[in-house]
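The sequence lines fix the lettering, A, B, ..., with proteins before strands; numbering per chain opens at 1.
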Amino acid sequence: KQEVTQIPAALSVPEGENLVLNCSFTDSAIYNLQWFRQDPGKGLTSLLLIQSSQREQTSGRLNASLDKSSGRSTLYIAASQPGDSATYLCAVGPAQGGSEKLVFGKGTKLTVNP
Amino acid sequence: ETGVTQSPTHLIKTRGQQVTLRCSSQSGHNTVSWYQQALGQGPQFIFQYYREEENGRGNFPPRFSGLQFPNYSSELNVNALELDDSALYLCASSQQGKETQYFGPGTRLLVL
């Protein structure tokens, strides 16, 4: 059974700092891995999607990496801003079922202080 | 803006009651997935519907059931509500074979 773990559970940083969020998964047989953002009481917004054959994806100040063999992914946020404050969720799409039956971690709650 | 809508936004029920949650998928999407997110947890996959048929189910009991309609909108029904059913229920729509899912804002259910 696939399990996804995110460390740390919460992170507080000053504005402008670069930061890394970590995600690990137990079964390397994945279809892809996605990072989502969730604002309090809201739905999910997809940030980055990495195919199982890819090593990284970039979007603006965000960079996500994937090391499938070791079961790890990181989300790097450059020059953090108060508007980045949210919960960041990592999810894997299992090889059997694809990306529409995602297995999520519990998330990392990020607070960026002005 | 995702285009996925859910209703109602909030709901309060008592133990043993039944509830129906609704989801309108984004235009052109034929697949709807439902997730349950308890407080402080990540979303958990309940089931998925494609072309009006269930196409995969997570570890949820049969009292969680669903429907998908010809216009690809969907309902999640929960019978015999339990206190632990209190959660944010999220629906996500996609085009079968396409990887990007678009999530709705969710319905927050409180069971007393």
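When the side chains of ILVMFWY residues are joined at heavy-atom separations under 4.5 Å, either directly or via intervening members, B/L88 and B/V111 end up in two distinct hydrophobic clusters. One hydrophobic cluster holds both A/L21 and A/F25 under the rule that ILVMFWY side chains link at heavy-atom gaps under 4.5 Å. Hydrophobic clustering of Ile, Leu, Val, Met, Phe, Trp and Tyr side chains at less than 4.5 Å, counting indirect connections, keeps B/L90 apart from B/I46. Taken together through direct or relayed side-chain contacts under 4.5 Å among Ile, Leu, Val, Met, Phe, Trp and Tyr, B/V19 and B/L67 form parts of separate hydrophobic clusters. Under the 4.5 Å side-chain heavy-atom criterion for Ile, Leu, Val, Met, Phe, Trp and Tyr, A/L66 and A/Y76 are members of distinct hydrophobic clusters.
Between the CZ atom of A/F104 and the CD atom of B/Q41 there is a distance of 13.5 Å, given to the nearest 0.5 Å.
In this model, no donor atom of one side chain and acceptor atom of the other lie less than 3.5 Å apart for A/Q34 and B/Q101.
A distance-only check finds a donor-acceptor pair linking the side chain of A/K101 to the backbone of B/N55 [under 3.5 Å]. Of the possible donor and acceptor atoms, one in the side chain of B/Y35 sits under 3.5 Å from a partner among the backbone N and O of A/L102.
Neither the backbone nor the side chain of A/Q6 comes within less than 4.5 Å of any heavy atom of chain B. Residue B/Q6: no heavy atom, backbone or side chain, is found under 4.5 Å from chain A.
When the shell of 6.0 Å around CZ of B/R63 is examined, it contains more than 12 heavy atoms from other residues, nucleotides or ligands. The environment of B/R15 atom CZ is sparse: at most 12 non-hydrogen atoms of other residues, nucleotides or ligands sit within 6.0 angstrom.
Your options are B/G106, B/P43, B/G40, and the one with the most heavy-atom pairs under 4.5 Å with chain A is B/P43.
When all heavy atoms of B/G42 and A/L89 are compared, the closest pair comes out as CA-CD2, 4.3 Å.
By the 4.5 Å heavy-atom criterion applied to side chains, A/F36 and B/F103 are counted as neighbours.
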